[in-house]
Protein chains: 2
Amino acid sequence: MYERIRNMREDRDMTQSQMAEYLRIHQTTYSDYEIGKLNIPLQVLDKIADLFETSIDYLVNRTNVEIPYPRKK
Amino acid sequence: MYERIRNMREDRDMTQSQMAEYLRIHQTTYSDYEIGKLNIPLQVLDKIADLFETSIDYLVNRTNVEIPYPRKK
DNA sequence: TGACTTTTAAGGGATATTCCCTTAAAATAT
DNA sequence: ATATTTTAAGGGAATATCCCTTAAAAGTCA
């Protein structure tokens, strides 16, 4: 479901547990997200976009442009 | 909370009820979103970004660039 | 100003979803 | 092959969602 997030994580050689630690959630919860079993909360997408240096729009497949606009705040 | 969405809606002279109709949800639910009483689901942000011709990043204040990323699909 | 209309928000509850736990399965390494 | 690491399934208590009714606020206009 969230193939793009999975691929970006693997590209960076990160495990689901490492992602979960960064996000401060359980590994199984993160797995549920990647699989699409659970909806990824906005706050989580926000942190993932920062980590991967991309946009939420890219993460959720609204665009194919990976580079984000200038980050605010 | 979601001041930006509220402002963009008002700029377009739309009521919460009109937004709710477009999103196919109840007006009170939409109000809950704008106020920040409920989290806005991704699917809803997606439709609002389309309606307002901007990005999810802009709607949720990740960037100040209002123009959308090139739309995929 | 006051009555009327329109718009927005509060309270509350049935239902749906979330998150994490345990543990199993799958993948990888030794 | 077996041990280790990584990922996913099942399930349940806790939480959040969505909408209903209705109240409050804002706008209209005689």
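In this text, all values refer to a predicted model and were calculated from it rather than measured experimentally. Per chain, numbering begins at 1; letters A, B, ... match sequence-line order.
In this structure, the side chain of Ser17(B) does not engage the main chain of Gln27(B) through any donor-acceptor pair within 3.5 Å. A donor-acceptor pair under 3.5 Å is absent between the side-chain atoms of Asn39(B) and the main chain of Leu42(A), judged by distance alone.
When the side-chain nitrogen and oxygen atoms of Arg9(B) are compared with OP1 and OP2 of dT8(C), one or more of them lie within a distance under 4.0 Å.
Looking at heavy atoms from C-beta onward, Ile48(B) lies in side-chain contact with Leu23(B) at the 4.5 angstrom threshold.
Residues Met8(A) and Leu51(A) share a hydrophobic cluster, clusters being chains of Ile/Leu/Val/Met/Phe/Trp/Tyr side chains in contact below 4.5 Å.
Here the shortest heavy-atom pairing between Arg4(B) and Thr63(B) reads NH1-O, 2.8 Å.
Between the CG atom of Asp13(A) and the P atom of dT7(D) there is a distance of 11 Å, rounded to whole Å. Computed from coordinates, the Gln18(A) CD to dT7(D) C1' distance equals 14 Å when rounded to whole Å. Per the geometry, OH belonging to Tyr30(B) stands 14 Å off P belonging to dT7(C), to the nearest Å.
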Sugar-phosphate or base contact per nucleotide [nucleotides 12-30 of chain C; S, B, -; heavy atom under 4.0 Å]:
------SBBBB--------
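Residue Ser31(A) is in base contact, counting any heavy-atom pair closer than 4.0 Å across all strands shown.
Across its full length, the helix from dT1(C)-dA30(D) to dT30(C)-dA1(D) shows an angle of 50° between the axes of its 5 terminal pairs at either end, rounded to 10 degrees.
One finds a salt bridge joining Asp46(A) and Arg71(A) here, because a Lys/Arg side-chain nitrogen approaches an Asp/Glu carboxylate oxygen to under 4.0 Å.
By the 6.0 Å and 45° rule, Arg62(A) does not stack over the aromatic ring of Tyr69(B).
Side-chain atoms of Tyr30(A) and Glu34(A) form a donor-acceptor pair, as typed in the model, at a separation below 3.5 Å.
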